[in-house]
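Nothing here was measured: the structure is a model prediction, and the numbers come from that model.
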Amino acid sequence: MSRLIVVSNRVSAPRDPAAGSAGGLAMALSAALRKYEGLWFGWSGETVETFTGELQIEDRAGVTVALVDLEPQDVDEYYNGYANKTLWPLFHHRIDLTAYERSFGEGYERTNRRFAEVLAPLIEPDDIIWIHDYHMIPMARDLRRLGITNRIGFFLHTPWPARQLLVTLPHHRRLVESMFDYDLVGFHTEEWLGLFERYVEVEANGTVHADGVIEAFGRRVRAGVFPIGIDVDGFLEARDSPVGSRTYDRMAASAAFRTMIVGVDRLDYSKGLEQRMLGYEQFLEDNSDRRGQVFLLQVTPISRDDVDTYQDIRARLDALAGRVNGAYADMDWQPVRYLNRTFRRDQLAGIYRASRVGLVTPLRDGMNLVAKEWVASQDPRDPGVLILSRFAGAAEQMTSALLVNPFSREELSDAIKRAVDMPLDERLSRWRDLMAVVRKTDVSLWRDAFVKALRKAGQGAGPGDVPSSSQTI
Ligand code: ADQ
């Protein structure tokens with residue numbers, strides 16, 4: 001069996017899987033790496049004055065991890081720059097926040113070249129290579145230039161942007177052309193794949209074949225839809241564990257018979273946190289009889305705090321949560337509990353279970369795993385209601401949620417009211433549909449389907465071997 005090499009900007013293989021803090025993606029990829037005796041390669045998160053390419057090889061619970069330090073300039077231009085100030089906002093349709101700086105593009109290309117040069121000597125002839133996310137789009141091109149002919153796949157965890165927005169990026173063709181150095185590219189949804197195909201047809205005069213092959217730039221790549229999921233059984237175990245149960249009891253006691261609405265998101269403008277807070281404020285405004293009966297627990301760890309935009313949104317959200325509390329709180333009731341911290345997975349599961357409403361309202365999101373975690377954690381006899389943004393990739397699958405436009409505070413307000421008042425039979429019927437989807441497309445299926453398609457992609461696979469636009473896993 002050939003080895004699997006996973007490549008991502010940060011390597012999240014847990015040192016102690018039993019600690020329960022690792023996410024489903026990290027656990028799923030670690031399990032695959034143990035099975036295929038592979039390697040997980042990426043940035044160490046550390047800097048070194050002058051790039052040496054020296055590798056730190058570690059064993060993390062049976063997974064071999066290979067890490068490399070970057071120069072501060074790489075971190076500024078590649079990571080904080082092109083990845084987080086250019087591609088992230090652009091791919092989330094925020095061209096108002098997108099920085100188009102030549103040095104960022106140069107740093108992105110240089111750092112990807114460096115990653116490729118360090119990784120190439122580790123690759124054995126039969127290895128298959130799976131590269132993750134927008135940080136590393138051109139890496140296959142750099143590996144090919146170094147003579148690597150192995151099968152290489154790419155999975156994009158974010159949305160793919162609309163063509164009209166992508167063309168605002170200088171050298172957009174060069175970026176997309178580099179995706180044709182992969183054997184397989186994967187997206188979460190039909191919609192993101194469709195936008196990619198549209199770009200290729202219009203901007204590169206390419207052809208999309210029914211079997212999932214796309215031709216352009218004189219080359220061919222296979223493209224497919226692989227919706228990511230969660231580790232459902234792991235989540236249920238976490239929910240029912242002693243810590244999960246204790247957290248649930250603690251939350252239930254502190255809720256004191258009030259209806260709890262929960263939001264759990266990294267602090268990021270793509271997650272629609274301000275709009276959510278405004279929607280909740282509107283709900284309190286519209287429903288004076290409900291004040292004192294509900295509260296919103298918003299759990300939001302700080303992320304990317306080196307980027308100005310993230311500091312700005314943090315300040316605005318602090319002010320907004322303060323404003324809602326100032327305007328509506330009573331001596332024995334606080335409408336918003338706003339926390340900037342992370343929780344362990346078992347604690348999160350307990351928190352999700354204690355809530356009646358899951359509020360997942362990103363403005364644009366590749367998939368959104370919180371929506372799936374929240375559903376999995378519900379009490380099957382008395383589940384809550386998921387309110388989900390139409391603009392999350394998850395909405396393509398989770399159609400039994402209350403789907404909302406997160407930009408409309410009135411629509412959010414109405415959906416919260418409907419969710420809070422929803423009778424048990426409707427809650428049960430919606431939740432059963434949602435849970436069936438979450439179970440069916442879990443993280444192992446996502447991983448195995450991608451790896452299987454990648455193995456076949458380089459072997460002249462025939463039609464139907466790779467999910468195409470009309471075929472999902
Ligand atoms: P993210 O943008 O990080 O992921 P999401 O899919 O929701 O978004 O995953 C977040 C993860 O972080 C979840 O597993 C959640 O439990 C965890 N998390 C959030 N807040 C937490 C807290 N306070 N404490 C502990 N854990 C917390 C990107 C894309 C998504 C895509 C995923 C996977 O932006 O669209 O779904 O990758 O492909």
A.B. asks: With no hydrogens and no angle check, just 3.5 Å: does a side-chain donor-acceptor pair link Thr361 and Arg276?
C.D. replies: yes
A.B. asks: Show your working on side chain to side chain contact (heavy atoms under 4.5 Å, CB included) between Gln311 and Asp308 and close with a plain yes or no.
C.D. replies: CA-CA 5 Å; Gln311 293 163 10; Asp308 293 349; 4.0 Å; yes
A.B. asks: So His172 and Tyr199, would you call those rings parallel, tilted or perpendicular, with 30° and 60° as cut-offs?
C.D. replies: perpendicular
A.B. asks: Can you tell me if Asn84 and Tyr134 form a side-chain donor-acceptor pair at under 3.5 Å?
C.D. replies: yes
A.B. asks: Any ion pair linking Glu203 and Arg163 (charged N to carboxylate O, less than 4.0 Å)?
C.D. replies: yes
A.B. asks: How about Phe391 and His93: are their ring centroids closer than 6.0 Å?
C.D. replies: no
A.B. asks: Which heavy atom in Arg341 sits nearest to a heavy atom in Pro301, and how many Å separate them?
C.D. replies: O-CD, 3.7 Å
A.B. asks: Check the orientation of Trp160 and Phe91. Use parallel for under 30°, tilted for 30 to 60°, and perpendicular for over 60°.
C.D. replies: tilted
A.B. asks: Quick one: do the Ser44 and Gln56 side chains pair a donor with an acceptor below 3.5 Å?
C.D. replies: no
A.B. asks: Run through Ile261, Asp265, Leu359 and flag the one making a side chain to side chain contact (heavy atoms under 4.5 Å, CB included) with Gln298.
C.D. replies: Asp265
A.B. asks: Is it true that Trp374 and Ser355 share a donor-acceptor pair across their side chains at a distance under 3.5 Å?
C.D. replies: yes
A.B. asks: Regarding Trp192 and Thr158, do their side chains bring together a donor and an acceptor under 3.5 Å, going by distance alone?
C.D. replies: no
A.B. asks: Compute the centroid of each ring, for His135 and then for Tyr108, and state whether the two points are separated by less than 6.0 Å.
C.D. replies: no
A.B. asks: Could you check whether Arg345 pairs with Glu373 (Lys NZ or Arg NE/NH1/NH2 to Asp/Glu carboxylate O, under 4.0 Å)?
C.D. replies: no
A.B. asks: Classify the ring geometry between Phe196 and Phe187 as parallel (under 30°), tilted (30 to 60°) or perpendicular (over 60°).
C.D. replies: tilted
A.B. asks: What pair of heavy atoms forms the shortest contact from Arg174 to Glu109, and how long is it?
C.D. replies: NH2-OE1, 2.5 Å
A.B. asks: Would you mind telling me which of Arg141, Arg219, Arg145 makes a salt bridge (Lys or Arg N to Asp or Glu O under 4.0 Å) with Asp181?
C.D. replies: Arg219
A.B. asks: Indicate yes or no: at least one non-hydrogen side-chain atom of Asp126 is less than 4.5 angstrom from one of Arg3.
C.D. replies: no
A.B. asks: Indicate whether the side chain of Arg151 and that of Ser2 have a donor and an acceptor atom separated by less than 3.5 Å.
C.D. replies: no
A.B. asks: State, to 0.1 Å, how close Ile128 and Val451 come at their nearest heavy-atom pair, and which atoms those are.
C.D. replies: CD1-CG1, 3.9 Å
A.B. asks: For the residue pair Trp88 and His92, does the interplanar ring angle fall in the parallel (under 30°), tilted (30 to 60°) or perpendicular (over 60°) class?
C.D. replies: tilted
A.B. asks: When the ring planes of His132 and Phe155 are compared, do they come out parallel, tilted or perpendicular, using 30° and 60° as the limits?
C.D. replies: tilted
A.B. asks: Would you tell me whether Arg353 and Tyr248 have side-chain atoms, one donor and one acceptor, within less than 3.5 Å of each other?
C.D. replies: no
A.B. asks: Using every non-hydrogen atom in the two residues, find where Met179 and Val221 come nearest and quote the distance to one decimal.
C.D. replies: O-CG2, 3.7 Å
A.B. asks: For Asp312 and Tyr269, does a side-chain donor sit closer than 3.5 Å to a side-chain acceptor?
C.D. replies: no
A.B. asks: Do Tyr100 and Thr168 have side-chain N/O donor and acceptor atoms under 3.5 Å apart?
C.D. replies: yes
